[in-house]
S.K.: 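To start, I am sharing the structure in question, which I have written as structure tokens.
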Amino acid sequence: MIFARAERRTLDIAGALALGGVLAFVGVATAVLLGHAGSGSGAGAGAGAPLFDAYILRVARFTFLQAALSTLLSVALAIPVARALARQRAFLGRVWILRLSAVPLGLPALVAALGIIEIWGRQGVVNDLLRLAGLQNPVSVYGLTGILIAHVFFNLPLAVRFLVAALERIPAEYWLSSANLGMGGGAVFRLIEWPVIRRVLPGIAGLVFMLCATSFTLVLTLGGGPAATTIEVAIYQALRFDFDPARAVLLAFLQIAVTGLLLFVLSLFGRPQDEGVTAGRAIRRFDGRRRRVTDGLVILAFTLFTAAPLLATLVSGLAADFGRLALDPTLHRALLTSLAISLASASLSLAIALPVVLVPQLAESGAAGPARLIMAGVLPAVGSLILLVPPVVVATGWFLMLRLFGETGRFAPAIVTVINALMALPFVVRVLGPAYRTHLARTARLALSLGITGRRRLVTIDWPALKKPFLTAFAFAMALSLGDLGAVAIFGAEGFVTLPWLLYSRMASYRTADAAGIALILGVLCLLLTLPSTAPDRAPERPGPDA
Amino acid sequence: MPDTAIALSDVTVRFAEKTLAFDCAIKAGAAVAVVGPSGAGKSTLFNVIAGFQPPAAGSVRLLGEDMAGRDPAERPVSIVFQDNNLFSHLTIADNVGLGIDPGLRLDAAGWCRVSEALARVGLGGYETRLPGSLSGGERQRVALARALVRRRPILLLDEPFAALDPAMRADMAALLADLVAETQATMLFITHQPEDIGRLAGEVIYVTDGKIRFHEPAGDFLARREPADIAKFLGRSVP
């Protein structure tokens, strides 16, 4: 038993509310979509057309193709980078490079897209260099190339972080033993590194594939045209440009089928393993000395690739006319709207996450009737429902429904807030779950036996110990909402303008200087929120005398 | 074979918070217990000999040869740790086979030697098993089998029994004593248990505050009643 009677009752109610609320919200959207599919309203000329026309097939094929290529590139490039970083533990600025690789995680996709255009675009550094080298045809950042560059920009650092973490979980004694035995570079890779990498690779590749297959903003800004469109972007185009709800609905179900399949495959791979037991020695690598130069070049290339778009965003942002921007009432309103929505959605996300995290632990502790057991089983799935039914799809459902009541713009802020909260939910649950589990195992029985329950327990026992994971989750949920374009784009109406939407419209109308300034503001806001929690530990790397 | 297996002269190791200095000579074939409080520098002493820790000054000579600039694998040393000696994803035979060829390319004769070594440590027939399915004592025996096939004249054991229960410690100590007698290796082992000294050691090196404070026959060390920290380590009531 880890909760007092009154606490159990509160949790039951909270769990029921979270379960009912989320299911109703997503359910309404899906039901509306189903209704549209059934009635065929708005299909117009398409009523007699075959279910999957050539356009939809092409979109589906491109979605898979770009996701597969993005995944392949990200993961294949991540292996040498991670090996080099794991091997060169004394590399100058290594900690900063690892921190840098956490930056894309917190950066809004739209801001990154702008930075990537600055570097890889027609006027960008890369093409300038290519022209200097005498090449005539510049690299085009639009279409498949641009989408791949952007996806690798986001996912290469992610894969590198996972792989470095996995390589660092290798017991320190292995490196001592391999040096003592005299293993060469090939043997170290074959016998030590590859077995570890192989174990985590399917999980990483699955995650990257999922992120790329459901990527919206990057494809919207860098893709475009029927040749380079993913399902999510096609939904948006069907609704906003063609106003063809029937096609949007069809695409939405296709998207659910695809994500459902992906989630199923992902669940087969499982999560990367937790750490093994070590004597807690400092890791020391003896195979790094001979490869210092090649490893250094690999790390340098990775650093340039990741840092360049960030620097470009900074430089072009600073060149913007901030004096005029500061007086722009549209920007004021967008900033306030975005802050309000992100605060509300982060709070809502945490409120839903608490029962999702706690009810299963309550059920595990033995105090469970059948109702509570069912709730404990279903709640975690509800927590990641948004992965199955993506934001753009939910937004489409609500858009179609609210259209029946006239003006959609009035309801947009509320809908976007809830969708953003659900988007952050899987992450929030992943941060709070393990933290709460450890905390309860450590304190629950003691607190109960001393009669510290209810609000007193929250204030004196739980909050001090869980402050950090709570703040991390809240900050991340806020950043996610601040940078989100998907849900807003579906509703994007006069009078409801968020910061990303303003940025997107400035980009679309070629007001480049303004866009750069807004991107800088948005990027800095999000990084301020996410960087403190994603930074690796400050633990000193210097080896000392081990006990 | 030279008379002196290990000779450290004025070896200095500097860490940010302290400096360690070692000076000693160990005869070939000796069995030496290295004892002393935690953090005194026992593992650092081993790291210097094995080549994991380059000294800031002084010379390390093993079997008469200067070891400056030599990689760990180029030294006549095998090392066994308290834990994680075995690569957990490789079979027992592979783990031992690494001692013959670090790239694990063995011929039939090589695999034969692996099986013989496993049989010698009482683990015949364990070839295809994974380390995870073995007890802690069995895993340490596999590590000894690997040291056996490597045939290096110096064997360093960093708390090899610390994770074992008392009955297993005694078995392991007996096996180790046999193997060392057979191979005539020079053996140093770190321990926190006075009874290991009686079982295995001919000499004792007592390390404290980053220095070798005593280096004497095991009998003399075990009979000590002062200084107080050694008396306490040996389990005597301090006057």
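In what follows, chains are A, B, ... by sequence order, proteins preceding strands, each numbered from 1. Everything numeric in this text was worked out from a predicted model, so none of it was measured.
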S.K.: Which atom names give the shortest non-hydrogen contact between A/Arg190 and B/Gly103, and what distance separates them?
M.R.: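 For A/Arg190 and B/Gly103, the tightest heavy-atom pair comes out as NH2-O, 2.5 Å.
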
S.K.: Check whether A/Arg290 gets within reach of chain B through its side chain, its backbone, both or neither, counting any heavy atom under 4.5 Å.
M.R.: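 The side chain, not the backbone.
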
S.K.: Indicate whether the side chain of B/Arg75 and that of A/Asn180 have a donor and an acceptor atom separated by less than 3.5 Å.
M.R.: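 Checked: B/Arg75/A/Asn180 side chains show no N/O donor-acceptor pair below 3.5 Å.
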
S.K.: Is there a side-chain contact between A/Leu176 and B/Ile79 (heavy atoms, below 4.5 Å)?
M.R.: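 In short, these two side chains do not touch, never coming nearer than 4.5 Å.
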
S.K.: Would you say B/Arg213 has more than 12 foreign heavy atoms packed within less than 6.0 Å of its CZ?
M.R.: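 Atom CZ in B/Arg213 is crowded, with more than 12 foreign heavy atoms closer than 6.0 Å.
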
S.K.: What distance separates B/Arg146 CZ from A/Leu181 CG, expressed to the nearest 0.5 Å?
M.R.: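 Rounded to the nearest 0.5 Å, the CZ-CG separation comes to 5.0 Å.
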
S.K.: Would a 4.5 Å heavy-atom cut-off, applied to side chains only, mark A/Arg284 and B/Gln53 as touching?
M.R.: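 A side-chain contact exists here, since the closest heavy-atom pair is under 4.5 Å.
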
S.K.: Under a 4.5 Å cutoff for heavy-atom pairs, which residue among B/Ala50, B/Ser88, B/Ala143 has the most contacts with chain A?
M.R.: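 Counting heavy-atom pairs under 4.5 Å, the top option is B/Ser88.
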
S.K.: May I ask you to decide if the ring planes of A/Tyr174 and B/Phe87 are parallel, tilted or perpendicular, using 30° and 60° as cut-offs?
M.R.: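 Aromatic pair A/Tyr174/B/Phe87 classed perpendicular.
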
S.K.: In terms of heavy-atom pairs under 4.5 Å with chain B, which of A/Gly186, A/Ala179, A/Ala187, A/Gly184 leads?
M.R.: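 Result: the option with the highest number of such pairs is A/Ala179.
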
S.K.: Of the listed residues (B/Gly210, B/Ser78, B/Gly99), which shares the most heavy-atom pairs with chain A below a 4.5 Å separation?
M.R.: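 Counting heavy-atom pairs under 4.5 Å, the top option is B/Ser78.
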
S.K.: Of the non-hydrogen atoms in A/Met183 and B/Pro102, which two are nearest, and what is the gap between them?
M.R.: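 Heavy-atom minimum between the residues: CG-O, 3.3 Å.
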
S.K.: Identify which part of B/Ile190 has an atom lying under 4.5 Å from any heavy atom of chain A, answering side chain, backbone, both or neither.
M.R.: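 No part of it gets close to chain A.
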
S.K.: Evaluate whether atom CG of B/Asp209 has more than 12 neighbouring non-hydrogen atoms of other residues, nucleotides or ligands under 6.0 angstrom away.
M.R.: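 Not buried by this count: 12 neighbours or fewer within 6.0 Å.
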
